[in-house]
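The figures that follow rest on heavy atoms only: side chains count, while hydrogens, waters and symmetry mates do not.
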Amino acid sequence: MTFRLLFFLSLLSISFLSFSQNQEVPRAPERTEGEGPYEQLIIRGATLINGAGSPPIGPVDVVVEQNRIVAIKTVGYPGVEIDSKQRPKAQAGAKEIDASGMYLLPGLIDMHGHIGGAGQGTTAEYVFKLWMAHGITTIRDPSCSNGLEWVLDQKKKSDQNKITAPRIEAYSYFGQGLENGVNSPEEARSWVQNIAEEGADGIKFFGTRPDIMEAALDEAIKFGLRSACHHAQLNVAWLNALQTARMGLTSMEHWYGLPEALFTDRTIQNYPADYNYQNEQHRFGEAGKLWEQAAQPYSDKWNAVMDELIALDFTIDPTFNIYEANRDLMRARTAEWHQDYTLPSLWEFFKPSRISHGSHWHEWGTEEEVNWKRNYQLWMTFVNEYKNRGGRVTAGSDSGFIYQTYGFAYIRELELLREAGFHPLEVIRAATLKGAEALGRADELGSIEVGKLADMILVEENPMANLKVLYGTGAVKLNENNEVERVGGVKYTIKDGIVYDAKQLLADVKKIVDEAKEKEGIQELAQPGTKTE
């Protein structure tokens, strides 16, 4: 059974065997990249964007010892030569990075990071290096679809820095490992106890019967497990996002379940008579009309639902990017990084298909895209106002589906938060501190502060002015000599005080892709339906 079919079944809330029981995804090799951690590392003269929403400040020297930030000192003024007497003194043998003109940010947090799959042909090394090359130093794996044991093994090795990988928060999908799923509150409690003992950090739900959900969430709270839910349409009539939040759910993925909580003249989505959820064009096509069926922005119902979710300290992880192909399929399909950084097997996975999850382009056209553009307007309005009123919004990518490639898709998510109305500093905060808060790790991660772990990124261009400089492919710029050049891309990704050359990590990925193309006898990825395909 393929990865795509298995994942599709999970979206139907049907329990399935972990992929590792069929064909195990290759785990990450032993780490050979990165330098450090050092007894002392000093980043000199950077402009600091601390992730907490503070405006940029610089020049700043940041001192790291082993894997902890021990000092942050402003050492001068822009355009004025720095007085060396003001700077932190280096110990003998200290590593120093001249970051003059660079921007220093916290390591980014991807709140929806699947670690590939056998059917996609994506190895852990490929996925991890794409993430790290884009400054992503922490991910939440919502489902542990390669098997909980597999993910916990990679999590442990990442924590020990034995592999080149982000930190991993492991959220087991509800019922994982049970042949017949969870069918009673008692089974729910027992399952939660078991995955807590195994070391899972949280649970990913797709929705279930109310008494079972209530029991599972109650038990999760007892064990300190966090929770996320993709309120799948097969189950959302039982429980919408507001109802699960009241039960103790800590975060929602995507947007399913939120319009349903905002219904005023119905309780069920307006499905046409010929609708079949198993037909993914039906599923995604009709989903593009869902926000139009909800209460209008700033109406009494809209306000009441928003205010209650905020009072419940509920997190929204919108993953705008993963649905962007629905509003502009050609843009997503022809993104400039596909040729060099998307594996041929992953490209094949993206192609239109009647049996593969997320490949719903049976006859996708102008009408569907227009519906989704309107859908985005209403969706973004809610998310932006949620943030404005004090609600927590994070950044997640859900890469590996629907023409979204790891790393690149996450940066696109940041651009879409900006489109939704977030100030660039709010975007960066969503990608850093807000993610750390949602994971319960804000005491260690998410901002550049004394005492926190040394997870940071250095960029040579200003992401406040242009988030595109965070893409591995950089941004296009016309220089003073009227020459077109590429600028940006993360220069260094620092995790636990270990300094990685982000551009070299991206080059490693390109080599993996080139070797896969050579093995398969292809020179370039062909667009679906072309004669060269």
Side-chain angles (χ1 to χ4, degrees), residues 7-14 174 204-210 212-213 228-247 249 251-306 308-309 314 316-320 322-327 354 357-365 367-383 386 398 401-402:
F7 196 90
F8 181 71
L9 290 176
S10 78
L11 298 183
L12 301 182
S13 301
I14 296 175
F174 188 52
K204 166 72 174 295
F205 294 91
F206 291 95
T208 186
R209 213 171 65 205
I212 294 174
M213 176 71 88
C229 187
H230 168 155
H231 295 80
Q233 286 146 309
L234 291 185
N235 295 308
V236 74
W238 267 331
L239 291 170
N240 61 44
L242 180 59
Q243 292 165 323
T244 53
R246 287 169 177 165
M247 290 179 175
L249 184 75
S251 70
M252 62 169 286
E253 304 305 294
H254 318 308
W255 53 269
Y256 306 107
L258 189 49
E260 288 87 347
L262 295 167
F263 285 164
T264 58
D265 60 350
R266 70 197 71 206
T267 61
I268 294 174
Q269 178 180 337
N270 185 24
Y271 297 108
D274 64 347
Y275 182 96
N276 187 330
Y277 187 81
Q278 196 80 337
N279 178 329
E280 287 220 336
Q281 172 123 358
H282 284 183
R283 173 183 163 186
F284 284 96
E286 292 303 316
K289 305 173 185 177
L290 189 47
W291 274 97
E292 290 274 15
Q293 298 169 42
Q296 288 300 300
Y298 309 103
S299 64
D300 290 345
K301 176 78 169 183
W302 196 89
N303 285 326
V305 169
M306 178 177 294
E308 186 173 355
L309 288 173
F314 192 63
I316 295 179
D317 184 43
T319 67
F320 288 127
I322 197 61
Y323 301 103
E324 190 172 24
N326 292 342
R327 69 174 189 172
R354 294 190 183 278
H357 173 57
S359 299
H360 47 275
W361 324 113
H362 306 176
E363 191 176 355
W364 200 263
E367 294 306 305
E368 288 78 14
E369 291 190 357
V370 168
N371 288 337
W372 269 93
K373 286 174 181 176
R374 176 59 178 158
N375 214 43
Y376 263 84
Q377 291 169 357
L378 294 168
W379 178 18
M380 286 179 163
T381 298
F382 190 96
V383 171
Y386 193 78
D398 199 9
F401 302 94
I402 316 182

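- Tyr386 is linked by a ring pair (Phe, Tyr, Trp, His ring centres under 6.0 Å) to nothing, counting only residues two or more places apart in sequence or in another chain.
- Note on ring orientation: taking the six-membered ring where Trp is involved, the planes of His254 and His230 are perpendicular (angle over 60°, cut-offs 30° and 60°).
- Remark: Glu369 engages no residue in a salt bridge (Lys or Arg N to Asp or Glu O under 4.0 Å) (not counting sequence neighbours).
- With sequence neighbours excluded, no residue forms a ring pair (Phe, Tyr, Trp, His ring centres under 6.0 Å) with His231.
- With sequence neighbours excluded, the residues that form a side-chain contact (heavy atoms from CB on, under 4.5 Å) with Ala228 are Arg140, Tyr171, Lys204, Ser251, Glu253.
- For Arg374, the side-chain hydrogen bond (donor to acceptor under 3.5 Å, both in side chains) partners at least two apart in sequence or on another chain are Glu292, Gln377.
- Judged as a side-chain contact (heavy atoms from CB on, under 4.5 Å), and not counting sequence neighbours, the contacts of Ala325 are Leu329, Ala332, Trp361, Ile402.
- In this view, Arg354 satisfies the salt bridge (Lys or Arg N to Asp or Glu O under 4.0 Å) rule with no residue, not counting sequence neighbours.
- Between Leu239 and Phe205, every side-chain heavy-atom pair lies at or beyond the 4.5 Å cut-off.
- Listed by chain and residue number, Trp379 satisfy the ring pair (Phe, Tyr, Trp, His ring centres under 6.0 Å) test with Phe320 (two or more places apart in sequence, or in another chain).
- Applying the side-chain contact (heavy atoms from CB on, under 4.5 Å) rule to Asn371 yields the partners Lys289; only residues at least two apart in sequence or on another chain are considered.
- In this structure, Tyr275 OH and Gln233 CD are separated by 4.5 Å, a value rounded to the nearest 0.5 Å.
- A pairwise comparison of heavy atoms in Asn375 and Ala287 identifies ND2-O, 3.4 Å as the closest pair.
- Trp238 CH2 to Met213 CE: the interatomic distance, rounded to the nearest 0.5 Å, is 10.5 Å.
- Here Gln293 contributes atom CD and Asp265 contributes atom CG; the two are 8.5 Å apart, rounded to the nearest 0.5 Å.
- With hydrogens and angles ignored, the 3.5 Å screen pairs no side-chain donor or acceptor of Glu260 with any backbone N or O of Ala237.
- Residue Ala241 comes nearest to Leu309 through the heavy atom pair O-CD2, 4.3 Å, listed as atom of the first residue, atom of the second, then distance.
- Separation of atoms CG (Asp317) and SG (Cys229) is listed at 12.5 Å; rounding is to 0.5 Å.
- Contact record, Pro259 with Ala294: O-CB, 3.8 Å, taken as the closest heavy-atom pair.
- Open room surrounds CG on Asp300; 12 or fewer heavy atoms of other groups in view lie less than 6.0 Å from it.
- Remark: the His360 side chain and the Asn326 side chain contain an N/O donor-acceptor pair separated by less than 3.5 Å.
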Exercise for the section: Could you go through the side-chain contact (heavy atoms from CB on, under 4.5 Å) check for Trp291 and Leu262 one step at a time? Expected result: CA-CA 9 Å; Trp291 274 97; Leu262 295 167; 3.6 Å; yes
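- Pairing each heavy atom of Asn270 with each of Glu286, the nearest pair is O-OE1, 4.0 Å.
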Practice task
List the steps and the verdict of side-chain contact (heavy atoms from CB on, under 4.5 Å) for Gln269 and Val236.
Solution key: CA-CA 10 Å; Gln269 178 180 337; Val236 74; over 6 Å; no
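- Residues Tyr277 and Ala232 share a closest heavy-atom pair of OH-CB, 4.4 Å.
- Residues that satisfy the salt bridge (Lys or Arg N to Asp or Glu O under 4.0 Å) test with Arg327, not counting sequence neighbours, are Glu324, Glu419.
- What you find for Ala261 and Lys301 is that their closest heavy atoms are O-CE, 3.3 Å.
- Listed by chain and number, the residues in a ring pair (Phe, Tyr, Trp, His ring centres under 6.0 Å) with Phe263 amount to none (sequence neighbours excluded).
- In this structure, the side chain of Gln281 engages the main chain of His362 through a donor-acceptor pair within 3.5 Å.
- The shortest side-chain heavy-atom distance between Tyr298 and Thr381 falls under the 4.5 Å cut-off.
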Exercise for the section: Starting from the C-alpha separation in whole Å, work towards a yes-or-no answer on side-chain contact (heavy atoms from CB on, under 4.5 Å) for Ile316 and Phe382. Expected result: CA-CA 10 Å; Ile316 295 179; Phe382 190 96; 4.0 Å; yes
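- How far CD of Glu308 is from CZ of Arg246: 4.0 Å, rounded to the nearest 0.5 Å.
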Exercise for the section: Kindly indicate, with the supporting measurements, whether the criterion side-chain contact (heavy atoms from CB on, under 4.5 Å) is fulfilled by Thr208 and Asn235. Expected result: CA-CA 6 Å; Thr208 186; Asn235 295 308; 5.6 Å; no
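- The CD atom of Gln296 sits 6.5 Å away from the CG atom of Leu378 when rounded to the nearest 0.5 Å.
- A search for side-chain hydrogen bond (donor to acceptor under 3.5 Å, both in side chains) contacts involving Tyr256 returns Tyr323, not counting sequence neighbours.
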